[in-house]
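Below is one structure, written out as structure tokens, with a few remarks after it.
In listed order, ligands and their atoms are each counted from 1.
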Amino acid sequence: MKIIMLGAPGAGKGTQAKKIAARYGIPHISTGDIFRANIKGGTELGMKAKTFMDQGMLVPDEITIGMLMDRIHEDDCRNGYVLDGFPRTIPQAESLTEALKGMGEAIDYAVNVDVPDENIVSRMGGRRACVACGATYHVEFNAPKAEGVCDTCGEKLVLRDDDKPETVQKRLNVYHEQTQPLIDYYKKAGVLKEVDGTKNMEDVFQDIVAILGV
Ligand code: ADP
Ligand code: ADP
Ligand code: ZN
């Protein structure tokens, strides 16, 4: 099963993608996580990506598409995957469609997690991330057991630099301009599914499971 998560930054794509990955036994592929791992590791790719990410801009397609293509051709992707944060532009979507077509395959579901802009700012301001294992929390809606500490690995939780309010507005603008058109792209492809992302995490997940099947 090949699934794409669509939605604004902070809509809950990552939260739901992790649950889907666990339930259906497929890898969760987050381009944001891959970029952050590269930044942490001090790679050339990471250094290139960081300049854009810090400004709330998209990393250029030339860098992003190649990186994602390499990842989906790895062994663990044979039975499918859930993509979180890719595609984010029409050229990215077209590259993915073409690459899959070349293998006689296609995306099965594009799940749009719909959350209005008003809710996004509080979601992002309260998001806390574990730099060690990638787990995500929310100070109010999904608090860790001990404040500021990751439940899973015990490392310190941080507010991502790009989750500060000044960058969040920029990222929302970028979303509306460059990523929102993908909703129509996947509607035309006949695979778009909408879920109400303002519900609580578990209810959103149940709505997604109803779409994907047991
Ligand atoms: P969020 O989960 O809040 O939407 P991500 O972790 O997915 O954020 O992405 C963080 C940043 O990484 C983005 O703002 C962007 O700079 C970069 N990025 C991630 N995925 C892509 C992509 N597919 N294309 C371009 N840039 C990306
Ligand atoms: P995205 O990957 O789309 O950027 P995340 O999954 O990282 O979004 O979620 C953004 C923030 O909102 C996180 O702090 C997360 O814990 C919280 N969150 C996710 N889903 C919900 C929900 N349904 N209700 C309330 N908060 C949520
Ligand atoms: Zn952790």
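Nearest protein neighbour of atom 1 (P) of ligand 1, counting heavy atoms only, is Arg171 NH2, 3.4 Å. Scanning the protein for heavy atoms near atom 14 (O) of ligand 2, the closest one is Tyr137 O, 2.7 Å. Among all non-hydrogen protein atoms, the one lying nearest atom 26 (N) of ligand 1 is Val59 N, 3.0 Å. Counting only heavy atoms of the protein, atom 2 (O) of ligand 1 lies nearest to Arg127 NH1, 3.7 Å. Atom 12 (O) of ligand 1 has Met53 CE, 3.4 Å as its closest protein atom, hydrogens excluded (heavy atom only). Looking only at protein heavy atoms, the nearest one to atom 5 (P) of ligand 1 is Arg88 NH2, 3.8 Å. Remark: minimum distance from atom 20 (N) of ligand 1 to any protein heavy atom is reached at Thr31 OG1, 2.8 Å. Counting only heavy atoms of the protein, atom 24 (N) of ligand 1 lies nearest to Gln92 NE2, 2.9 Å.
For ligand 2, the atoms lying closer than 4.0 Å to a non-hydrogen atom of Phe141 are 25 (C), 26 (N). When each atom of ligand 2 is checked for a heavy atom of Ala8 under 4.0 Å away, the hits are 3 (O). When each atom of ligand 2 is checked for a heavy atom of Gly14 under 4.0 Å away, the hits are 1 (P), 2 (O), 6 (O). Using a 4.0 Å cut-off to heavy atoms of Thr136, the atoms of ligand 2 that qualify are 7 (O), 13 (C). Each of the following atoms of ligand 1 lies closer than 4.0 Å to a heavy atom of Met57: 15 (C), 16 (O).
Between Ile63 and Met67 there is no side-chain heavy-atom pair separated by less than 4.5 Å. A heavy-atom distance below 4.5 Å is not found between the side chains of Leu6 and Val111. For the pair Asp207 and Glu194, the minimum side-chain heavy-atom distance is 4.5 Å or more. The shortest side-chain heavy-atom distance between Gln92 and Leu96 does not fall under the 4.5 Å cut-off. Residues Cys130 and Cys153 form a side-chain contact, since some pair of their non-hydrogen atoms from C-beta on lies under 4.5 Å apart.
Put simply, part of Lys199 is less than 4.0 Å from ligand 2, judged by heavy atoms. Ligand 2 is never approached by Gly7 to a heavy-atom distance shorter than 4.0 Å. Taking 4.0 Å as the cut-off, Gly85 does not count as a neighbour of ligand 2 on heavy-atom distance.
Residue Arg128 places no N or O, backbone or side chain, under 3.5 Å from any N or O of ligand 2. Remark: ligand 2 and Gly12 share an N or O pair separated by less than 3.5 Å (distance only, no angle test). On a distance-only criterion, Pro9 and ligand 2 share no N/O pair closer than 3.5 Å. Annotation: Val204 places no N or O atom under 3.5 Å from an N or O atom of ligand 2; distance criterion only.
Other residues, nucleotides and ligands place more than 12 heavy atoms under 6.0 Å from the NZ atom of Lys19.
Atom CD in Glu166 sits 13.0 Å away from atom CD in Gln55 (nearest 0.5 Å).
A search for side chain to side chain contact (heavy atoms under 4.5 Å, CB included) contacts involving Leu159 returns Arg128, Asp163, Lys164, not counting sequence neighbours.
Salt bridge status for Lys199 with Asp196: absent, with no side-chain N to carboxylate O gap under 4.0 Å.
Rounding to 10 degrees, one finds that the Zn ion (ligand 3) sits at the corner of an angle of 100° between Cys153 SG and Cys130 SG.
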